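Since the structure comes first, as structure tokens, the remarks are kept for the end.
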Amino acid sequence: MSGGHGDARQVVSRQRDTQPSDSRPLDSRQAVSRQADPEYRIEDLAHLSGATVRTIRAYQDRGLLPKPERRGRANVYGDAHLARLRQIADLLERGYTLASIKELLEAWDAGRGLGGVLGLVAEVGGPWTDEEAGRISRAELDERFGGRPDDSAVADAVELGVLERVPGRDDEFLVPSPQELAVAAELYAAGVPLRAISGHLWELRGQVEHIAARFLEFTTEHVFARYLEHRPPTDADAAEAAALVRRLRPLAQQSVDAELARAMRLFATRHLQEHLGAVGGQGPVKAVPPEPQERTRTSAASASDVELLALPQGTIAAVQALVGAENVSAFVTAATEREVQARALDALTPTQPNRNKVD
């Protein structure tokens, strides 16, 4: 142990001998040291930022990162470089391209504030639901879905994003939406196979993503276009747009909820009518949904007025004799929609008897 202390004293002594003398008081030297900005080699900067040395050099070549200060034969980086790298990483994680990030950073370097823009980025990239993620163990998961392990079903759930693996833990999962997992558990308990649940969710996700894209196109055209005319938008415009995002965010879900409730009532009633066979003696009359272009004109009345109706036996026999048994359903549906349209036209026709009278 004593030999070790002796070596340490010799190292300190050699360092003192080789360091240049500084006649300033110790307190003064310490103050200057505290005020000096940290300096990093490129390897240190890579370690602190999480980027690779190759990535840092590529950012410099593309103008995303300021050039380092040259000190003799070495390049020196500071806290400004570290902050810029973290800013780039955050924007990349939110889905921005390097080209768009460069535009934002050039605006910043030109003296235009980016507080509003970054606030807009955070607002759009933040959670779009108040639901909080949860965790579930593999044992709990198996118990909720029949009590038997099913690695294939778990793999499907991970691929769908219903479950996320926890690094270093094979027996635990992150659940981004506990509500969605609860729906799957209820469907399984009701008798729906896991494969069918996964297939339904894939189909539903594609349809919902289409709705989300259309809602964004609609609001961008009519609401946000004026804020995005400049690239990047001004700080004030971006801040105002971020406030609008907060106001409009619930509207997408509210509109989908209302339309889904309307459609479920309409089609569930038709589906029940089909399977109950409410038409006397002739078996079920299958309700044919209107074509997409007709749904807009007829759905409002249908959603509120649809009922289970039993047609008289004589009416069914007459229709069957006219169009054949296989066409009874389509004929009844078409006749009903024609009557609804005729009544709508009657309601729009002027009732004043002398309005169009020619003398």
Side-chain angles (χ1 to χ4, degrees), residues 37-71 74-129 133 161 164 167 174 176 205 208-210 212-249 252:
D37 291 334
E39 296 179 348
Y40 312 107
R41 298 173 305 162
I42 191 170
E43 293 81 7
D44 300 326
L45 188 65
H47 175 72
L48 291 171
S49 66
T52 65
V53 170
R54 182 177 179 181
T55 297
I56 292 173
R57 287 175 175 152
Y59 287 167
Q60 290 175 188
D61 293 340
R62 299 188 64 160
L64 290 164
L65 193 68
K67 295 291 184 182
E69 183 179 346
R70 192 75 176 175
R71 296 277 184 83
N75 289 326
V76 177
Y77 299 84
D79 275 346
H81 296 90
L82 180 59
R84 176 63 59 89
L85 285 171
R86 288 172 174 168
Q87 200 172 48
I88 293 171
D90 181 64
L91 291 170
L92 284 172
E93 188 176 349
R94 296 177 187 274
Y96 289 82
T97 65
L98 288 176
S100 60
I101 292 173
K102 185 178 180 181
E103 289 184 356
L104 290 172
L105 297 178
E106 285 176 347
W108 173 270
D109 293 337
R112 291 174 55 187
L114 283 186
V117 173
L118 296 179
L120 176 60
V121 170
E123 195 67 48
V124 172
W128 282 67
T129 175
E164 293 181 4
L174 180 70
R205 179 163 296 175
V208 170
E209 287 178 353
H210 174 73
R214 289 292 299 119
F215 188 83
L216 289 174
E217 291 171 5
F218 169 79
T219 53
T220 298
E221 178 183 357
H222 296 285
V223 179
F224 293 105
R226 61 182 179 271
Y227 298 106
L228 304 176
E229 291 175 348
H230 304 94
R231 294 190 59 187
T234 65
D235 202 43
D237 282 349
E240 190 171 345
L244 274 172
V245 170
R246 284 192 294 274
R247 285 175 49 197
L248 298 180
R249 177 182 289 167

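Nothing here was measured: the structure is a model prediction, and the numbers come from that model.
Atom CD1 of Ile101 sits about 7.0 Å away from atom CG of Leu64, to the nearest 0.5 Å. The distance from the OG1 atom of Thr97 to the CG atom of Leu91 is 10.0 Å, given to the nearest 0.5 Å. Atom CZ of Arg86 is separated from atom CG of Asp79 by 8.5 Å, given to the nearest 0.5 angstrom. Summarising the geometry, atom CD1 belonging to Ile88 is positioned 6.0 Å from atom CG belonging to Leu65; distances are rounded to the nearest 0.5 Å. Leu45 CG to Leu85 CG: the interatomic distance, rounded to the nearest 0.5 Å, is 5.0 Å.
Taking the six-membered ring where the residue is Trp, Phe218 and Phe215 present tilted rings, their angle falling between 30° and 60°.
Counting heavy-atom neighbours within 6.0 Å of Arg70 CZ, excluding the residue itself, gives a total above 12. Shown here is Glu43, whose CD atom has more than 12 heavy atoms of other residues, nucleotides or ligands within 6.0 Å. For His222, the NE2 atom is densely surrounded, since the number of other residues' heavy atoms within 6.0 Å is greater than 12.
Listed here is the closest heavy atom pair of Arg41 and Tyr77: C-CD1, 4.1 Å. Nearest heavy-atom pair across Ser49 and Ile56 is OG-CD1, 4.5 Å. Contact detail for Pro176 and Leu174: the closest heavy-atom pair is CD-O, 3.4 Å.
Proximity of Phe224 to Leu248: side-chain heavy atoms (C-beta onward) are separated by under 4.5 Å at one or more points. Between Arg57 and Val53, some side-chain heavy-atom pair lies under the 4.5 Å cut-off. Using a 4.5 Å cut-off on side-chain heavy atoms (C-beta onward), Arg214 and Glu217 make contact. No side-chain heavy atom of Ile42 sits under 4.5 Å from any side-chain heavy atom of Asn75. A heavy-atom distance below 4.5 Å is not found between the side chains of His81 and Arg84.
With sequence neighbours excluded, the residues forming a side chain to side chain contact (heavy atoms under 4.5 Å, CB included) with Val76 are Glu39, Arg71, listed by chain and number.
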